Number of protein chains: 2
Amino acid sequence: MQERETPDRRKQVAEAAARSFATFGYKGTTMDQVAKLAQVGKGTIYTFYANKEELFDEIMTGLIRDLRAVADETVDPKLPFADNLMNVLHRVLDFRDRHSLAVKLSQEVRDIGTPMAKEGLETLEKAIISYIARHVKEAADKGEIRPCPPELTAYMMLKMYLALTAEGRHLHEPLGKDEVLERFRFYCIEGLALR
Amino acid sequence: MQERETPDRRKQVAEAAARSFATFGYKGTTMDQVAKLAQVGKGTIYTFYANKEELFDEIMTGLIRDLRAVADETVDPKLPFADNLMNVLHRVLDFRDRHSLAVKLSQEVRDIGTPMAKEGLETLEKAIISYIARHVKEAADKGEIRPCPPELTAYMMLKMYLALTAEGRHLHEPLGKDEVLERFRFYCIEGLALR
DNA sequence: CGACTGACCAAAATAACAATTCGGTCAGTC
DNA sequence: GACTGACCGAATTGTTATTTTGGTCAGTCG
């Protein structure tokens, strides 16, 4: 659809912005930067996006869409809930690059508390939780797991996942991928009680 | 032991400091303030404490000691692990005033990132985790719960507790005390798997 | 004496102001 | 008419003046 002679400006801008946000954070990326990275005049950016905030939203939306796609193509409706959960975690854990934007943003929130970064992260969190919640609800309806409030359960799952990976590096050494999976299954699915 | 005519300066100072730290945070508390609150000359404070940091440490240590005492007197070795865990949570949840210092400090860390407040909170977290970890280890040794790394387990427990109480007020309405207990038992002890 | 005080000091925090950067515009080019 | 980049004012950052605060100690009082 796209000739070599007519480069897709919008795509150039979006990709440059994605790289820049992931590398320098929200505050750290300037529109001049994005323009230069995209090899585009600054004004061109504003023909596609009303302002920096809208550009950022588009990138975040893309991230959410990509994550959802990865999850969707990993989930196999024929498999048990716990297996799907593990498989999705597995793939998400592998996707270091996809994470880098989220990692950079949460670092930015911690260090300088940029409101937009915080907002973006909250949007991402909401999206993840509602995605998980949907699957939790289905699993509960099918009787694959015990009945439980889906949103709260999804929230707890996310918190456990983060506790095992991102946070708590003070306490335990960063766990390997397999350890994370094993521990997550242990604490979240199986529980501490004797079986 | 203490006559009415010879008020216990040290105690006056400690109590004034505890109130002030809980009300205004670490940074918000000035030594002049503490002196005035304690009805004591500022110099007097320094006959007991080398500096503001040491005064703060004493208050934090006191908090930890009190929490531990509450926990200890609640734990009944004859009861099962899960019951003791629930009972301690129950009492700690009631102790809103004891919490207020910790609440104020974490708020301070979030808003202005005072290093001392951060440090104090970390000390508190470490103390709580090591306390829980000891009991987890005992329970595991006695075969009351499944074998697991005590420190990591304690860490996960604390994170779940916080997710159900302090954090995540964006997502779910603040849970009532009984709901917190029920949910904690559900997610932490029993697990999502069918029994 | 010695417990206690509060005026005092240097250092750190804050406010006030100047210099720079950055998001956003638009006249002009190709 | 798609695209550019010099340009503008608002916002951020750097700098200096002012105030606040942790900590000291000569002096008071019992």
Side-chain angles (χ1 to χ4, degrees), chain A residues 1-18 20-21 23-60 108-109 111-120, chain B residues 1-18 20-21 23-60 108-109 111-120:
Chain A
M1 210 70 72
Q2 207 48 245
E3 298 294 332
R4 263 200 293 105
E5 310 304 3
T6 60
D8 185 346
R9 303 289 191 204
R10 186 178 237 272
K11 193 174 168 189
Q12 279 171 257
V13 170
E15 278 173 6
S20 185
F21 282 132
T23 312
F24 306 107
Y26 181 82
K27 188 174 178 188
T29 60
T30 70
M31 297 303 262
D32 281 300
Q33 255 252 25
V34 173
K36 195 176 289 179
L37 258 172
Q39 288 174 304
V40 149
K42 189 161 60 151
T44 304
I45 300 178
Y46 288 88
T47 63
F48 302 118
Y49 306 97
N51 49 41
K52 185 180 180 181
E53 197 172 320
E54 203 173 294
L55 175 59
F56 180 65
D57 282 346
E58 170 108 344
I59 303 304
M60 287 301 293
E108 188 178 348
V109 170
D111 294 347
I112 49 176
T114 315
M116 271 307 293
K118 199 172 184 175
E119 209 172 291
Chain B
M1 211 70 71
Q2 209 45 248
E3 296 294 333
R4 263 199 293 108
E5 312 302 5
T6 59
D8 185 345
R9 304 287 192 207
R10 186 178 238 271
K11 194 174 167 189
Q12 280 171 255
V13 171
E15 278 173 5
S20 184
F21 282 131
T23 311
F24 306 106
Y26 181 82
K27 188 174 177 189
T29 302
T30 70
M31 297 303 261
D32 281 301
Q33 242 231 36
V34 173
K36 195 176 289 178
L37 258 172
Q39 289 174 303
V40 149
K42 191 161 61 151
T44 305
I45 300 176
Y46 290 89
T47 62
F48 303 118
Y49 306 97
N51 49 40
K52 186 180 181 181
E53 196 172 324
E54 202 173 294
L55 175 59
F56 179 66
D57 280 347
E58 169 108 345
I59 304 305
M60 286 301 292
E108 188 178 348
V109 169
D111 294 346
I112 49 176
T114 315
M116 270 308 293
K118 198 171 185 174
E119 210 172 288

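Just so it is clear: chains get the letters A, B, ... in the order the sequence lines come, proteins before strands, and each one is counted from 1. Just so it is clear, the structure is predicted and the values come from calculations on it, not from any experiment.
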| query | Hey, does the side chain of B:Arg9 come within less than 4.0 Å of C:dA3's phosphate (OP1/OP2), counting only N and O? | reply | no
If the cut-off is 4.0 Å, is A:Lys27 near the phosphate of D:dA11, judged by side-chain N/O to OP1 or OP2?
no
Under a 3.5 Å distance rule, please check whether B:Lys27 uses its side chain to pair with a backbone N or O of B:Glu108 as donor and acceptor.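 No, because the side chain of B:Lys27 does not come within donor-acceptor range (under 3.5 Å) of the backbone of B:Glu108.
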Exercise. Could you please name the partner base of D:dT12, counting Watson-Crick and G-U wobble pairs only when both distances are under 3.5 Å?
Key: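 When the pairing criteria are applied, C:dA19 turns out to be the nucleotide that pairs with D:dT12.
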Task: C:dC30 pairs with, by Watson-Crick or G-U criteria that keep both distances under 3.5 Å - done: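 Its partner is D:dG1 (Watson-Crick or G-U wobble, both distances under 3.5 Å).
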What is the distance, rounded to the nearest whole Å, between atom [atom1] of [X] and atom [atom2] of [N]?
X       : N      : atom1 : atom2 : answer
B:Ile45 : C:dG6  : CD1   : P     : 12 Å
B:Lys52 : D:dT21 : NZ    : P     : 9 Å
A:Phe48 : D:dA2  : CZ    : C1'   : 9 Å
B:Tyr49 : C:dC4  : OH    : C1'   : 16 Å
A:Lys42 : D:dC3  : NZ    : P     : 17 Å
A:Asp32 : C:dT25 : CG    : P     : 14 Å
B:Asp8  : C:dA3  : CG    : C1'   : 13 Å
A:Gln39 : D:dT4  : CD    : P     : 10 Å

Exercise. Within 45° of the axis and under 6.0 Å from the centre of the six-membered ring of A:Phe48, does NZ or CZ of A:Lys11 qualify?
Worked result: no
Is there side-chain contact between B:Asp57 and B:Tyr49, with at least one heavy-atom pair below 4.5 Å? no
If I compare all heavy atoms of A:Met31 with all of A:Asn51, which pair ends up nearest, and what's the gap?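 Here A:Met31 and A:Asn51 meet closest at CE-C, 4.4 Å.
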What one should report as the nearest heavy-atom pair of A:Gly41 and A:Ala35 is C-CB, 4.2 Å
Q. Touch check for B:Thr30, heavy atoms < 4.0 angstrom, all strands: base, sugar-phosphate only, or nothing?
A.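 Result for B:Thr30 = sugar-phosphate.
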Residue pair A:Thr44/A:Thr29 against DNA chain C: nearer the 5' end by closest nucleotide is A:Thr29
*Considering heavy-atom distances to DNA chain C, does A:Met31 or A:Gly43 have its closest nucleotide positioned more toward the 5' end?*
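On the 5' side of the pair lies A:Met31.
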